[in-house]
Amino acid sequence: MLCLATGTKVLAFAVSTFTLSWTHSVQRTEWWERWEVTEAGIRPVEARVTSSGAGMEAPEGAVEEADGWHYVPHLPPQHQVFLGASGATVGGWTLCAGDSCQVVGATAGAPLALWSDKDCSHPPETRP
């Protein structure tokens, strides 16, 4: 199960994959990632950035297509992922899980936390 902590609220999504997308605060270009939810954690399995610049260079091996640079991130499953909410972006993070999409972290504040858990009762204990 995918778990999302937004301040004191925890949301649970019974999904095996989800996507995250956002607009870079400086470059104003879209970044998109597809993630897998596993017992070992969550891990990005596919990513796309629409253009490069301001720290958003496509990694080695990325393939340019009509909608941007596509690549496969090489990261092991993560126990938790924190998403910063600076308030400097065009909007927040768009999280799509199953048939539902929602914007989270649209205003500055505490980081959002993502993790996998059987029932979302064990939120991450360490905040950045």
Side-chain angles (χ1 to χ4, degrees):
M1 180 159 316
L2 173 65
C3 310
L4 168 67
T6 61
T8 59
K9 186 176 178 182
V10 175
L11 304 173
F13 304 90
V15 296
S16 59
T17 65
F18 67 96
T19 63
L20 283 174
S21 61
W22 65 96
T23 300
H24 190 275
S25 62
V26 174
Q27 196 65 27
R28 304 288 192 220
T29 189
E30 183 188 38
W31 197 293
W32 175 93
E33 296 174 339
R34 184 171 59 85
W35 292 68
E36 284 183 340
V37 179
T38 70
E39 288 183 17
I42 58 176
R43 71 180 187 97
V45 294
E46 179 183 7
R48 177 181 71 237
V49 60
T50 56
S51 66
S52 61
M56 296 181 60
E57 291 77 20
E60 186 175 327
V63 176
E64 186 176 17
E65 296 183 13
D67 60 348
W69 291 91
H70 292 247
Y71 63 97
V72 175
H74 297 288
L75 289 174
Q78 305 293 299
H79 296 291
Q80 58 198 21
V81 173
F82 292 99
L83 306 175
S86 69
T89 58
V90 174
W93 302 78
T94 300
L95 171 75
C96 296
D99 295 332
S100 171
C101 292
Q102 60 187 13
V103 175
V104 295
T107 57
L112 307 168
L114 292 169
W115 73 99
S116 66
D117 189 26
K118 66 180 186 300
D119 60 8
C120 296
S121 62
H122 300 93
E125 296 193 22
T126 305
R127 299 277 181 196

Could you walk me through whether Glu33 and Trp31 pass the side-chain hydrogen bond (donor to acceptor under 3.5 Å, both in side chains) check? CA-CA 7 Å; Glu33 296 174 339; Trp31 197 293; 3.3 Å; yes
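- Counting heavy atoms from C-beta on, the side chains of Tyr71 and Glu60 never come closer than 4.5 Å.
- Summarising the geometry, atom OG1 belonging to Thr17 is positioned 12.0 Å from atom CD1 belonging to Ile42; distances are rounded to the nearest 0.5 Å.
- Closest non-hydrogen pair, Pro77 versus Ala40, comes out as CB-O, 3.6 Å.
- How far OG of Ser116 is from CD of Gln80: 10.5 Å, rounded to the nearest 0.5 Å.
- Grouping the Ile, Leu, Val, Met, Phe, Trp and Tyr side chains by contacts below 4.5 angstrom, directly or via other members, places Trp93 apart from Trp32.
- Note that CZ of Arg48 and NE2 of His70 are 5.0 Å apart. Values are rounded to the nearest 0.5 Å.
- Val104 has its side chain out of reach of Leu11: every pair of non-hydrogen atoms, C-beta onward, lies at least 4.5 Å apart.
- The line from CG of Leu4 to CD of Gln102 is 7.0 Å long, rounded to the nearest 0.5 Å.
- Here the CD atom belonging to Glu39 is positioned 10.5 Å from the CG atom belonging to Asp117, to the nearest 0.5 angstrom.
- By the 30° and 60° cut-offs, the orientation of the rings of Trp35 relative to Phe18 is parallel.
- Side chains of Leu95 and Leu112 form no contact here, defined as non-hydrogen atoms less than 4.5 Å apart.
- Between the CZ atom in Arg34 and the OG1 atom in Thr19 there is a gap of 9.5 Å [rounded to 0.5 Å].
- For Trp115 (side chain) and Ala5 (main-chain N/O), no donor-acceptor pair under 3.5 Å exists by modelled atom type.
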